[in-house]
Each structure stands twice: as structure tokens, then as C-alpha cells.
Amino acid sequence: MSTEEKNSNKEIAELLRKVSAAYVLKGEKENRFRIIAYEKAADAVEHLSRELRDVWQDGKLYKVPGIGPGIGSSLEEYFKTGESRHFNEILKGIPESVFTLMKVPGIGPKRAFRLVMEFGLTEKETVVDDLLNVGRANKISSLEGFGQKSQDDIIEGLEVYQKRDRLVERMPLPYALDLSEEVIKYLKEMTKVKRADALGSLRRRVATIGDVDIAVVADDRDSKEIVAHFLKYPGLRSVEGAGDAKASILAAGNIRIDLRVQNQKSYGSMLEYFTGSKEHNIRLREYALKKGYSLSEYGIKKVKNVIPAQAGIQKKNGSPTVPDGRQVRVGDDKQIIEFKDEESLYSFLGLQYIPPEIREGTNEIDFAKVNQIPHPVELENIKGDFHTHSSYDLQPSHDMGLNSYSELVEKAKSLKYEYIGFSDHNPKKSNLSDEEIVTIMKKRKEYIDKTLSSSDIHYFIGLEVDILPSGELALPEKAFDYVDYLIVSLHSSFTMNNAEMTNRVLKALSYPKVKIFGHPTARLLGKREGVELDWDKIFSFAKDRHIALEINSAPPRLDLPDTLVREAKEAGVKFIINTDAHKVDHMDFMQYGVSVARRGWLTKNEVINTKPFKEIKNWLNKT
DNA sequence: GCCGTTTTCGGCCCGACTGTTTTCAGTCG
């Protein structure tokens, strides 16, 4: 994960943050908004779903929000020549070791610069150790503006950094959800806990989770007791910090868990605020400010002339209801308006309710203003699963499943599905002749049809076929007669360049009966980055040929990633949400794929396996 | 330095905590 290739988005975001920090050092006051601008640009680059360099080459650099003429021209120069004179000028005189120290908790740009300069710690490789030595020799506390406590905190921060350096992995969503449910269950052992929710990235169902945020509703007077209970959580490894109404601990695996206790009256604002994302909150506050409201985790304050939103506004706390469109002088009314749920908060601001999954600060607020937030697909809409692996032995190229076709069918029935598709891996090509493979496939079809002849659920016979490096399929075409559909996916040779990989995939998608592109980026969360593809080409091909992009629900995959899902949706592509189950229990993973779809703004209309059996048959026959 | 169904100029999110402080600076989420 620590790849910092030249011109990667990660590297560029880091560069922009360095420039931002440099402006802090040059003068935080006069550069205040420039600093924010660079930070915003860095965020935007970091969250981009494709390489900024490619965006630049497509001539769309200035379409990236946060990149304007100033930063943009510097970046162009950087792409062309490998450096930017402007960035160099700003960064001049700031040793690299300063930026290393800034990664230590509790050390920001100013302290980092000060410490590096005071003690001459210009070696980037050793600066953490060097500063630790200086601190242990009791030399920091005598600096002006530092004291004993500062020195202790810095030493502690350095030690944490050293330990945590290699452990900053984020965990896949499903594991974090399990952990949060366990903690919530533990908290609810106390009857004074009226309600507990997992917030933050967990509630937004982000594919990987850094730390677990949990909020609790309780009376104010009970909060201390609840915090104390939390600090006795059996999975606790250490206490990071604890106050009256909040605390954070490290659980096994160095997972940070934050707890906050709040009363019911203002819980809506709390939920919104700690659900985030940070970008969503900033945009929501900017939007509120334009309407004359200041937003915080406690509620809303009026700050100036108020033009209320169109939809009738009900003021809480006895404030007068303001008729539509009338401008009202509120003066210095500092009263805070509280919201017990999020619906009333968004509605107060004249916004449609925004589901947590899409609160990412893209353009959800613009959509909510005009009531255009689509109704997201739900788990209950799913009518079948097309990616399941059975224990039928067709000498497959990869892992077999653990359960029989009949058992998969039973599970599908228990999930109230209308249909199920079987997609074992293709027979291993290197061990078998084409004729042998055809025979195996024929026998398999006969076996399935015989075994399930009296089944009261519809089934489809499919196969998951490897895309060979050449783009050919690892299945002879004569065997296609024995399947209803094919899933094609990448299982090897992941490191081709973009153009080669794109051609490879397009060729694979051109074969008859190919209806699904399985786990399209082939990423493995925390282990392997996704492949490079020209997504525009893939999307338009898939759309024209009625090929569905898979959203693979398996916890380590969650692939296609949500940002690409949204782009594909805008390109008119259809999707299918599958589990890639290798045993019946895995079929319960469907909820995670649905979360990815929701984060990609999908409604059920764009998800093929929400359609009834008849439509599925039509789709399978479309070419 | 960026940005605009209230602006091409005049704005730019909000609050907590902590420490070294006589009113604030730095860091964090």
C-alpha cells in the first residue's frame, strides 16, 4: 500500500499538502484561504477514481473540483517536466524531515518546523528517532512555547507513531461491522443506554474502515457511568483517552473505537455530524451559511438575515414559523435549534433526506435541493444471485465451493429469491483437452437438470471463466452450448499497462454468452490494487452489448468500487450484485454489495437481479 | 487559490481540547 509512484494520485495529494503546510509556515493568517484551497485540491485528488495524470492528458484537469488556474498550471508543469517552479519556490528552505514529523500525532506544521530547526534534525530517515533522543534528554521542555507536558506528549506521539507506522491498515467493512455490533451489544447491557449507533464511515458503508465510531443516546447524568462501562469492554487493549461524555480505546488488532454519549434532544445533529463525511459536512455548512444558518453537532444557530427554504419550515423550541420567502431579521438571537432526528434537520434546511451512503461531498446537496436524490436500491429488492460456486467437481481452475447445487438452491429459497445462477470456475485448461472439457460441461448440465428437475425455484447454469492474458477465454467455444451465461473475470496477469489490459478485457467481453464482467478491477482490499483499465471504453462496450458489470459482495473485494459504479451508471451501464459464494453462508454477503451499489447512487432499475425471472430471461438472450 | 440558480468580487465550516497562557496558538476530528 505504500507505493508512492511518481505522479500517482497519492504522491500528488501529498505534494499539495506539503505546499499547504508550507503556506502555514509562511504565514497562516495571510494565506488562510490559500491553505484551505490546497487542502481541498489534495482531498479531491485523493478521492479521484482515476489517475489525475490521465485526466490531465484527456484535457480535463480543470474539471476536477478544487483545481483552478493557479494549482492547475503548476500541476501541468509538474506532469510535463517532473517539477513545478512555483511549488519548488514555496517549499524552498523546508527540510523533508518536517513533513515526516507532521505525520506524528500531535505535531503539526509549526511544531514540526520549529523542532527541526531548533535541533537541526534534517535527516528524513532518522528524524523520528533523533527527536525522540532529544526529548528523552529533556531538551524540548526548555524551548519557548513548549513545557514539560508538551515534551511528554511529543515523546508519546513519537512512540505511537513508531509502533503504529506499520499497522495503519484499514479493515474491510464487513469485519468492522461485526466489531461494531459486538460493541453495541455490550453497551446495551446497560439499560441506561437508550440507543446506540455505529456512525462515521461505517454508517456510510465505506469499503474499508479506519476506526469505529459509536454514538449512544442517554440522559446527560448517566454519561459518566456509560463511559466507565465502555472502558471495561472485554476486547479492550488500551485506553487512548476518556472524558465525561466520550472516550476512545484500542481494541484487539489496534482498531480504534470512539464512543460519544449525547442526549436525545440534539441527537439528530449529532448523527449527522459524526456520520460525515467531512466533505459532506463542510458543504452542508457552507450551504446552510448561505441561508443564514450556522450548523454544528449541537444544532443550528441563526447568524443573519434568514431566507427560509421553500418547503414549510417548522421551527422548534417555540420560535415563530417563518412564511415562505419572507425575509426576517433575526438579530442577535443566539438560540440554538435542536433536532432529534436527521430527517427534521435536512428538512429544516430545505433539503431532501440524504442517505448516509452518498454523503461524500460530491453533489448530493445540489440533488437534495431539487428533490432529485434517487431512491437507493435495497437488499429486499434482490431476487437472485448469479455468482455462486458449488462442490460439483469439474476439475476447476480455482477453488471449488463447499455446498451442493441443492444446498445452494435451499439457501436461495430461504432468502426468498426467485432464481439462482451457478457459476463454478471453468475446468482447468492446462490439464484437459478441449474435448474433455466439453464432455465435463455436458455432464454437468445433465447432472444439474436431473438433480433439480423438481425444484420450485428457477435456476441458470453459468460458469465463471478466466480471462487469459491474450483476452481469450479459458473455455472452448464448443462448451458454450452447455451454459445459459458466462461470467468472465481476471484471475492472473494483473500488471499490464492500461491499453493492453483494456484490449484484453474487451476481447473477452466479445464472446457469445458473456453477460457479466466479474469483479472488474480484481482488487483485493489491503492486498492488491485494482487493475488499470480505460473505463470509458469498458462502460460503453458493456452498455452496447447488454453486459452487466458485477458488484461483487465478497468482503475482500467489494468490486466494482463505488466511485466507478457511479461513473458507470452515468454512462448508462447496468449492474448485477453477486456474492461469489463458496459456501451457502456466503450468500448472506449480498448486503455488502448492496451497500456498494447504494454508494454508487444505484436504484433498483439499474440492478438486473432485482428484475423478475421473465426479464432475466430476456436479458440473457439479448446480444 | 477557488468558486458562483442569490456573487466574476467577496466570500471561504465548526467546535473541542490542551498547554502555556494574561487573550491565544496549535492540533485534531
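Model, not experiment: these values are computed from the prediction. Throughout, a chain's letter reflects where its sequence line sits, starting with A, and its residues are numbered from 1.
Distance, A:Asp43 CG to B:dC13 P: 13 Å, rounded to whole Å. What separates CZ of A:Arg32 from P of B:dG11 is a distance of 12 Å, to the nearest Å. Residue A:Ile365 contributes atom CD1, which lies 15 Å from atom C1' of B:dG4 at whole-angstrom precision. Put simply, CD1 on A:Ile67 is 9 Å from P on B:dC3, counting in whole angstrom units. Regarding A:Lys291, its NZ atom lies at a distance of 13 Å from the P atom of B:dT5, rounded to whole Å. Remark: P of B:dC12 and CZ of A:Phe33 are 6 Å apart, rounded to the nearest angstrom. In this structure, the CD atom of A:Glu279 is 13 Å from the P atom of B:dC13, given to the nearest Å. Distance A:Glu286 CD to B:dG10 C1': 14 Å, rounded to the nearest Å.
The separation of B:dG15 from B:dT20, taken at their P atoms, amounts to 26 Å, rounded to a whole angstrom. For the P atoms, the distance linking B:dT8 with B:dG4 amounts to 13 Å, nearest Å. Distance noted for atom C1' between B:dG11 and B:dT7: 9 Å (whole Å). For the P atoms, the distance linking B:dC9 with B:dC14 amounts to 25 Å, nearest Å. If you take atom P in B:dT21 and the same atom in B:dG26, they sit 12 Å apart, rounded to whole Å. Between B:dC13 and B:dT23, the distance separating the two C1' atoms is 23 Å to the nearest Å.
When all heavy atoms of A:Ala13 and A:Val45 are compared, the closest pair comes out as N-CG1, 4.2 Å.
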*For every nucleotide of nucleotides 16-29 of chain B, 5' to 3': is a protein heavy atom under 4.0 Å from its base (B), only from its sugar-phosphate (S), or from neither (-)?*
S--SS-----SSSB
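No engagement by A:Ile35 is indicated, since no non-hydrogen atom pair under 4.0 Å with the nucleic acid exists. Counting any heavy atom pair closer than 4.0 Å across all strands shown, A:Ile282 reaches a base atom.
The environment of CD in A:Glu30 is crowded: more than 12 heavy-atom neighbours from other residues, nucleotides or ligands sit within 6.0 Å. Within a 6.0 Å sphere centred on CD of A:Glu123, heavy atoms belonging to other residues, nucleotides or ligands number 12 at most.
Residue pairs meeting the side-chain hydrogen bond (donor to acceptor under 3.5 Å, both in side chains) criterion with at least one partner in residues 206-217 of chain A, sequence neighbours excluded, are A:Arg170-A:Thr208.
Of all the residues in residues 90-97 of chain A, not one reaches under 4.0 Å from DNA chain B with any non-hydrogen atom.
A residue-by-residue look at A:Asp366 and A:Tyr38 shows that A:Tyr38 has its nearest nucleotide of DNA chain B further toward the 5' end.
Aromatic ring pairs are classed by plane angle as parallel below 30°, tilted from 30° to 60° and perpendicular above 60°; the pair A:Tyr23 and A:Tyr38 is tilted.
A:Arg204 pairs with exactly one of A:Glu364, A:Glu357, A:Glu360 by the salt bridge (charged side-chain N to carboxylate O under 4.0 Å, His left out) rule, that one being A:Glu360.
The backbone N or O of A:Tyr273 sits less than 3.5 Å from a side-chain atom of A:Asn281, completing a donor-acceptor pair.
Residues A:Ser49 and A:Arg566 bring no donor and acceptor atom of their side chains to less than 3.5 Å of each other. A:Asp129 and A:Gln162 form a side-chain donor-acceptor contact under 3.5 Å, judged by distance and modelled atom types alone.
Annotated as syn: B:dT7, whose glycosidic dihedral is within 90° of 0.
Taking the side chain of A:Ile36 as heavy atoms from C-beta on, and the options B:dC14, B:dC2, B:dC13, the nearest nucleotide is B:dC13. When the nucleotides B:dC12, B:dC2, B:dT7 are ranked by their closest atom to the side chain of A:Lys290, B:dT7 comes out on top. Of the candidate nucleotides B:dC2, B:dG15, B:dC13, B:dC13 has the atom nearest to the side chain of A:Lys40.
Pairing of B:dG29, defined by two Watson-Crick or G-U wobble distances under 3.5 Å, is identified with B:dC14.
Regarding contacts with the backbone of B:dC13, every side-chain N or O of A:His280 stays at 4.0 angstrom or more from both OP1 and OP2.
At least one cation-pi condition fails for A:Arg195 and A:Tyr267: the charged atom is not both under 6.0 angstrom from the six-membered ring centre and inside a 45 degree cone around its axis.
Checked for salt-bridge contact, A:Lys40 and A:Glu286 meet the test: a charged N lies under 4.0 Å from a carboxylate O.
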